[in-house]
Amino acid sequence: MSIELHRVQGKYNYDRLADAVVCVDKKVNFYGIVAEYEQPKSTRGDDCLCTMTVVDMSYNTPGLRVLYFAPADQMPRVNTVGDIIRFHRIQMRSHADAPQAIGNPKYGASFVLLSGLEGDGYEPYQKSHSRYSVEAHDRDIVDLLRTWASSHPIDTFAGTNKYMKQIKDINVESYFDLCCKILYVNEQSAENSVIIYVWDGTDTSPACLNPVEQGESDDPGQDLWSAKELALPVDVMRSFPVLGTVLPLVPFDVAEDDSGPQIPLAGDWVKLRNIGCRIRKGLYEGIFLHKSKIGILSPSTQAVQNCERAYKERLTSETLRLPQWCPKPPQSMLVTGYDHVKVSTLREVLTHPQVTNKFRCMVRVMATWPTDVLDFCVPLPESTAGGKDQPEQGAFVYAVRFTLEDPTGRLHVFLYGQDAVDFFVGYPAVDLRQQGDTVGALKRKVDRLLGVSESGPSNPPWVNCCLMSYYLDKERPHDTRRFRIFGTRFPG
DNA sequence: TTGGGG
């Protein structure tokens with residue numbers, strides 16, 4: 001047939017990448033192994049854009065960046081890093097002193113995608129056009145690339161870079177890349193926007209509250225608590241790893257196309273590229289910007305393996321389990337009688353399957369309620385007071401709520417009754433409005449606990465304390481679960 | 001055209 005004949009005669013000539021990159025302003029054909037691939041996203045123009053880095057044996061560091069513009073339903077959808085892509089009629093350009101290739105089907109570009117594994121067939125799993133050719137020449141190139149790739153792990157080419165950060169090192173000053181696992185995708189948020197929750201096994205550094213955000217209510221602890229709008233229901237948290245900060249990423253613009261929105265799946269490892277972050281109500285949030293991208297990562301890549309190995313190590317080590325920004329060895333102005341008990345994260349406390357349990361935690365006390373030490377003690381209800389013999393003497397009891405924080409969550413806990421008397425060491429519950437000396441002593445303790453400083457924002461120190469969980473209603477133990485401090489003293 | 005480690 002004439003068409004077949006034509007193909008054989010006009011067999012495509014494929015450039016090695018090292019040869020292609022010097023053909024600036026020319027259209028070339030080449031094969032490459034996909035070393036990085038970022039999901040398609042919309043542009044200000046009509047097309048979508050997806051980007052990738054391709055390598056071959058002639059050009060493997062840093063590889064060739066490829067930009068492909070096309071309608072959403074004509075985008076290359078790379079299954080996994082290491083797959084092979086073939087481009088026809090792709091335009092070579094130079095940008096910022098580096099070569100790049102621009103593909104656009106409107107100007108003749110086409111592609112096929114196939115597995116990069118030795119022994120797999122030669123049938124593309126995706127092709128931009130129904131007519132395409134795979135000839136003996138193509139099979140030879142594919143074989144060569146597959147053989148070479150089998151001894152050259154892809155992530156040694158394009159895995160890490162100077163922008164890569166771990167969650168423990170993020171700050172609001174700069175943009176960065178993150179290799180992380182998607183733990184949860186919340187699609188219930190605003191129209192066409194989802195919040196994804198990511199994790200890499202490390203802990204964010206303690207963040208200061210933005211002073212501008214304060215003063216929304218007279219209960220700072222409640223303000224911190226309500227920031228949990230980005231935090232998640234306990235049932236969702238139950239599926240999370242017990243250590244490491246879960247970082248919300250907002251807002252996440254979802255690219256729509258014929259095959260539905262490209263929403264990453266919980267459980268996927270991804271490389272977030274060029275994201276930012278901010279601090280809201282003292283919690284870090286990743287920000288997915290217009291210029292941010294989601295890159296695919298194979299679970300077998302080195303970066304992912306490193307995260308998982310480090311996490312397993314943290315799990316098994318009493319020291320590594322501690323918050324990563326807590327001084328080592330930990331120093332605590334609070335003393336417990338249970339220092340031999342394993343330290344639990346607040347996520348473990350919140351998700352523990354038994355409603356009633358005891359824990360030891362390493363936390364920071366972010367707020368108290370009441371805020372004024374003067375109100376820490378309240379009159380005992382008469383029914384439980386000493387009796388009607390001494391009504392004017394009126395027994396008092398401590399009733400305080402602390403807002404605790406660690407890298408995994410926040411928790412409201414109560415300090416009540418004898419536990420509070422033990423806690424404050426030497427200051428029994430009294431009518432504080434009649435006891436100025438006690439008020440002064442308590443205030444000094446609380447200020448130390450909250451890290452109040454003359455200059456600048458508070459910076460609460462890490463302290464260890466014992467928590468007990470209980471319920472208010474036997475019929476609904478999970479719904480009425482509460483926490484209180486016990487077995488913890490604040491001497492001095 | 002679009003966007004490009006900005």
Quick note, A:Lys106 side chain, CB onward, closest among B:dT2, B:dT1, B:dG5 is B:dT1
Proximity to the side chain of A:Ile102 - top-ranked nucleotide from B:dT2, B:dG3, B:dG5
B:dG3
Is A:Lys293 paired with A:Glu36 through a side-chain N to carboxylate O contact shorter than 4.0 Å?
no
Is it true that A:Glu318 and A:Lys342 make a salt bridge, defined as a side-chain N closer than 4.0 Å to a carboxylate O?
no
Whole angstroms only, please: what is the [atom1]-[atom2] distance between [X] and [N]?
X        : N     : atom1 : atom2 : answer
A:Glu38  : B:dG3 : CD    : P     : 16 Å
A:Leu272 : B:dG5 : CG    : P     : 16 Å
A:His290 : B:dG5 : NE2   : P     : 13 Å
A:Leu67  : B:dG3 : CG    : P     : 11 Å
A:Lys41  : B:dT2 : NZ    : P     : 15 Å
A:Asp46  : B:dT1 : CG    : P     : 11 Å
A:Leu49  : B:dT2 : CG    : P     : 12 Å
A:Asn274 : B:dG3 : CG    : C1'   : 13 Å

Donor-acceptor pair under 3.5 Å: do we get one between A:Arg273's side chain and the base of B:dG5?
yes
Sequence neighbours excluded, which residues qualify as side chain to side chain donor-acceptor pair (under 3.5 Å) partners of A:Ser317?
none
So which one's nearest nucleotide on DNA chain B is more toward 5', A:Ala96 or A:Asn104?
A:Asn104
Is the aromatic ring of A:Tyr163 within stacking range of B:dG5, meaning centres under 5.5 angstrom and planes under 30 degrees?
yes
Is there aromatic stacking of A:Phe69 against B:dT1, centre distance under 5.5 Å, plane angle under 30°?
no
For A:Val463, run the side chain to side chain contact (heavy atoms under 4.5 Å, CB included) check against A:Met333, A:Met362, A:Arg364 and tell me which one passes.
A:Met333
For the rings on A:Phe87 and A:Phe30, is their centre-to-centre separation under 6.0 Å?
yes
With a non-hydrogen cut-off below 4.0 angstrom, is A:Tyr107 in contact with a base, only sugar-phosphate, or nothing?
base
Strictly below 4.0 Å: does A:Arg44 bring a side-chain N or O up to OP1 or OP2 of B:dG3?
yes
